[in-house]
Amino acid sequence: MQERYDPAAVEAQAQAFWTSERAFSVSEESDRPKFYSLCMFPYPSGRLHMGHVRNYTIGDVITRFMRMQGHNVLQPMGWDAFGLPAENAAIANGVPPAKWTYDNIAYMKGQLQSLGFALDWEREFATCQPAYYRWNQWMFLRMLERGIAYKKTGTVNWDPIDQTVLANEQVIDGRGWRTGALVEKREIPMYYLRITDYAPDLLQSLDQLPGWPERVRTMQANWIGRSEGVRLGFPYELQGEQQLLNVFTTRADTIMGVTFCAVAAEHPLATFAAASNPQLAAFIEECKRGSAMEADLAVMEKKGLATGLSVTHPLSGEQIPVWVGNYVLMTYGDGAVMGVPAHDERDYEFALKYGLPIKPVIRHAKGDEVPAPWQPEYGAHGVCINSGQLDGMDYQQAVEAVAAQLKARNLGDKQVHWRLRDWGISRQRYWGCPIPLIHCPQCGDVPVPDQDLPVVLPEGLTPDGSGNPLTKTQAFYECTCPKCGAAARRETDTMDTFVDSSWYFARFACPDNDDAMVDARADYWMPVDQYIGGIEHAILHLLYSRFWTRVMRDLGLLTVKEPFSNLLTQGMVLNDIYSRKGSDGRTQYFNPAEVEVQLDAKGTRVGKLVADGRPVEWEGMRTMSKSKNNGVDPAMLVEQYGADSVRLFMMFKSPPEDTLEWSDDGVEGAARFMRRLWRMVHEQVTGDAPAAGRVAAGALDQAALSSQQRDVRRAAHATVVKVTGDIGRRRVFNTAIAAVMELMNTLAKFDDSSAQGRAVRREAIELIVQMLAPIVPHACHVLWHALGHDDALMDHAWPVADPDALRQDNVEIVVQVNGKLRGRISIAADASDEQIRAAALADDGVSKWIEGKAVRKVIIVKGKLVSIVV
RNA sequence: GCCGGUGUGGCGGAACUGGUAGACGCGCCGGAUUCAAAAUCCGGUUCUGGCAACAGAGUGUGGGUUCGAUUCCCUCCACCGGCACCA
């Protein structure tokens, strides 16, 4: 074996072996249990970033570990290839999105291969290929047939200068990113998927996903947002007809405290009132300004204007004024709310601001009145007052009574309300999957017949920033009606890219099937046993995938309804941000690689740009991004240190779910570890060679081991237990690596060249190489052969600790006096409580703290500690 | 604003079920090796006092439960992710 560790040579050798063996191509024919390991597929943005490297290394470690544990492991890879950045690149460079995307894929694939991931490349596909997205279209048509897909109007961000729809990301401080124009809300027709039909099951089934992080399940549950309440109508007369203003409330017990109703600006009642009220019309216009983003709406100043209309209180018969409120969302419930200022903070502020009456109807902890300022107690549940028949009832009784009365009058009833909204999938954009519909002047919206699928997206177009080029491409939109044959217009909207990513995991089972979306192979591989991706996907992508999988199950396409059994949400990769304000007031960002950093006397970080020696400001650490110029190119690192060092650093730096702070020193440290590992094996192998003139490792004879040899052997086998649990059960890798490092430190101090000593050392080294194989597979592959093994390490069985090696005669127990550590005792592992107690009280360090005091209590925790209370 | 999370030495982190706070690594300091450097090896490294033994303090803030709290509960602060058209 080579004396010096040469990562480039080692990695080329290992990768060549894996490629020639087709080592990671798997099939369903196996007597091993299946394990489907999947990382969220990347958007081909240009180059791999460190977030990808982290994600795929975690997946690869699990993949290789499960394989060594005897599973038939599938780990595929593909490309989430439709999306906005390709259009932005087209606008900037004049290159068609298709070319840009395919070029990026080719480059990034090379990067992935250089990192040695155990991927089955024979299943690769990109979502922008017609062979894939035709099944999006096919599914959409099935959903249309079943009423799961439907059409309604929705709100979008509109740039009035470019005359184009903007993504939320393209709205910056309420203005269009290119034009700087104030963004407006606009209502346009769109297609929706009825995810709300699945809301109850999507919520309930969260309990059956123990392999998901608690926080993700909580976030999804809150997002779905089940609330029980009452939906009720406030009657009013409009142009001689009886109408109802419907609202939903979770506080029907406060119904007698209603002093106004508020409707959204888009509500029909507001539109009607505005027709004869110019001031109101102007206010509604004002409400339409600004973006459609919820975060923006939530921090807006709450404003309102009376419509001049009133509705009748359904129980008291009182006249209730109707207001338009900019904080009422048309998308939530019926787009109207009942205002109970005394017991709702938002209504309270609104009433104070506009001088509306505040009528307390609940007795709260501070009394019956609700003087300003607002107190949290006002919003609490309590006993009804000033509410006629409801007086004296508690929350539950009052809600029941109100619901019963409303029902009797046919004005309302109890209802379960969901926060979740249907999924709008229409995008007024080019680089996406065409929605397979044809608009016929006679027949209306006509689905494209199955035999005409796929509706192929023309790949040569280049967007220019002023809307969707498909709307200007006759060859695409001109068509004939499949029903009547008349000239018709093809739908030019494309699908949300979340559609593409909602079922790709099932397609990986059978990417070559041109006749069906999925086949029996999906039943073999699904569900995904381990899914890994960024925490930023905790809600949307994962919820849409759960929904889509349910629809596929209902159509008989899949047998499972939950796509991902176990989920690992990895944290972000951060790096320092350095900037300098230019004379024109613009901030310029410098890559940390170009900055020299020192600490001044106070320990504050001072950066200097290497190029000009002038200072730059440190802005803290944030996710690596182009805009902050703080990315690190994995390709350069692999070249400099080798893939194994990069992988090791990524896994060692932070636990997978936490953010990872980049540091150059850390990679250096990982490289140092690799050299140390290499040297350790090299020394063992050369030492064991007969020609070396040293005592070779003999056959390990447990009975012949000295106590120190036994200690080292115990440490090695305890490490196996630790590492197996950390990778297999806890899915934390930093502590697994730390445990191996500790074992290596132990071996470094173990100076024993006897035959048994060398045998103990060899056993430990072989265990180390096996345990590190999932993390640094190239080096371990080569080292395994160097240690004299013929088999490929990736298929070698994962080591199991020897129980005899783990056995321990004496244990150390710590002794606390009044909660403070005062001594340590070494005692037989099978000592009785009485013996432990006696030994603890007799300990020198302990006795001086209990002298002359009465021992009140002695608590013994077996094998760990004694706590004495005096 | 709402939902979820995080906060521990100079730094990243460890402590898995309420039981030894700081494993492991980085950085730094000292030493060995070397003509020298790189590389490598050995030792030290939470803070305060002390030559030391040792003592005290200490896990964002303030409080609580407990023999015992980084861990559980409440309050506040700071930061991060998401908020439905970035993916």
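Labels below follow one simple rule: chain letters A, B, ... track the order of the sequence lines, proteins then strands, and each chain is numbered from 1. These numbers come from a predicted model, not from an experiment.
Considering only side-chain N and O atoms, A/R679 lies under 4.0 angstrom from the phosphate OP1 or OP2 of B/rC41. Regarding contacts with the backbone of B/rG13, every side-chain N or O of A/N734 stays at 4.0 angstrom or more from both OP1 and OP2. For A/K722, no side-chain nitrogen or oxygen approaches OP1 or OP2 of B/rC24 to under 4.0 Å. Between A/R676 and B/rC41, a side-chain N or O to OP1/OP2 separation shorter than 4.0 Å is present. Put simply, A/R4 has no side-chain N or O that comes within less than 4.0 Å of OP1 or OP2 on B/rU40. Close to B/rA87, at under 4.0 Å from its OP1 or OP2, lies a side-chain N or O of A/T497. A close approach under 4.0 Å does not occur between any side-chain nitrogen or oxygen of A/R421 and OP1 or OP2 of B/rC83. In this structure, A/N818 does not reach the B/rG68 phosphate: none of its side-chain N or O atoms is under 4.0 Å from OP1 or OP2. Regarding contacts with the backbone of B/rU40, a side-chain N or O of A/R675 is found under 4.0 angstrom from either OP1 or OP2. A close approach under 4.0 Å does occur between a side-chain nitrogen or oxygen of A/N745 and OP1 or OP2 of B/rG25.
Distances were taken from every side-chain heavy atom of A/E536 (C-beta onward) to each of B/rG81, B/rG1, B/rU20; the shortest belongs to B/rG81. Here the nucleotide nearest the side chain of A/L821, chosen from B/rA23, B/rU20, B/rG13, is B/rU20. When the nucleotides B/rG19, B/rA21, B/rA15 are ranked by their closest atom to the side chain of A/S867, B/rG19 comes out on top. The listed nucleotides are B/rG81, B/rC86, B/rC41; the one nearest the side chain of A/A167 is B/rC86. Among the nucleotides B/rC3, B/rC67, B/rA84, the one closest to the side chain of A/N168 is B/rA84. Taking the side chain of A/I535 as heavy atoms from C-beta on, and the options B/rG81, B/rA55, B/rC26, the nearest nucleotide is B/rG81. With B/rA84, B/rC16, B/rG13 as the choices, the nucleotide that has an atom nearest any side-chain atom of A/E294 turns out to be B/rA84. Nearest nucleotide to the side chain of A/D726, out of B/rC16, B/rG19, B/rA84: B/rC16. Distances from the side chain of A/K848 to the nucleotides B/rC83, B/rC54, B/rU40 place B/rC54 closest. Checking B/rG19, B/rG4, B/rC83 against the side-chain heavy atoms of A/L540 singles out B/rC83 as nearest.
Here the two rings, on A/H49 and A/Y43, have centers that are 6.0 Å apart or farther. Taking the ring centroids of A/Y133 and A/F82, they lie under the 6.0 Å cut-off. Aromatic ring centres of A/F350 and A/Y327: separated by under 6.0 Å.
Donor-acceptor pairing under 3.5 Å is recorded for the side chains of A/T196 and A/D422. Side-chain atoms of A/D496 and A/W423 form a donor-acceptor pair, as typed in the model, at a separation below 3.5 Å. Side chains of A/E812 and A/S826: a donor-acceptor N/O pair is absent below 3.5 angstrom, by distance only. Remark: the A/W79 side chain and the A/Y504 side chain contain no N/O donor-acceptor pair separated by less than 3.5 Å. In this model, a donor atom of one side chain and an acceptor atom of the other lie less than 3.5 Å apart for A/N136 and A/W503.
Here the separation of B/rG62 from B/rA57, taken at their P atoms, is 15 Å to the nearest Å. Atom P of B/rU70 sits at a distance of 29 Å from the matching atom of B/rG81, rounded to the whole Å. Nucleotides B/rC16 and B/rU6 are separated by 15 Å at their P atoms, to the nearest Å. Between B/rA15 and B/rA69, the distance separating the two C1' atoms is 13 Å to the nearest Å. Across the P atoms, B/rU45 and B/rG22 are found 12 Å apart, a figure rounded to whole Å. Comparing the P positions of B/rU71 and B/rG7 gives an interatomic distance of 11 Å, to the nearest angstrom. Taking atom P in both B/rG60 and B/rA53, one finds a spacing of 29 Å when rounded to whole Å. Using atom P as the reference point in both B/rG68 and B/rG58, the two lie 15 Å apart (nearest Å).
Judged by the 6.0 Å and 45° rule, A/R419 forms a cation-pi pair with A/W223.
Heavy-atom nearest nucleotides on RNA chain B were determined for A/D496 and for A/P655, and the one closer to the 5' end corresponds to A/P655. Of the two residues contacting RNA chain B, namely A/M293 and A/K749, the nearest-nucleotide position lying further toward the 5' end is that of A/K749.
Within 4.0 Å of A/F652, counting heavy atoms only, lies at least one base atom of the nucleic acid. Using a 4.0 Å heavy-atom cutoff across all strands shown, A/V171 reaches no nucleic acid atom at all. Residue contacts for A/I859: at a heavy-atom cut-off of 4.0 Å it reaches a base atom on one of the strands shown. Base engagement by A/L420 is indicated by at least one non-hydrogen atom pair under 4.0 Å involving a base atom. At the heavy-atom level, A/H537 lies under 4.0 Å from base atoms of the strands shown. Counting any heavy atom pair closer than 4.0 Å across all strands shown, A/W423 reaches no nucleic acid atom. Within the nucleic acid shown, A/F673 has no heavy atom closer than 4.0 Å to any nucleic acid atom.
Under the Watson-Crick and G-U wobble criteria, each requiring two contacts below 3.5 Å, nucleotide B/rC41 is paired to B/rG31. Figure legend. B/rC54 is base-paired to B/rG49; pairs are counted as Watson-Crick or G-U wobble with both atom distances under 3.5 Å. Pair assignment for B/rG81 gives B/rC3, based on Watson-Crick or G-U wobble hydrogen-bonding distances that are each under 3.5 Å.
With a glycosidic angle no more than 90° from 0, B/rG9 adopts the syn conformation.
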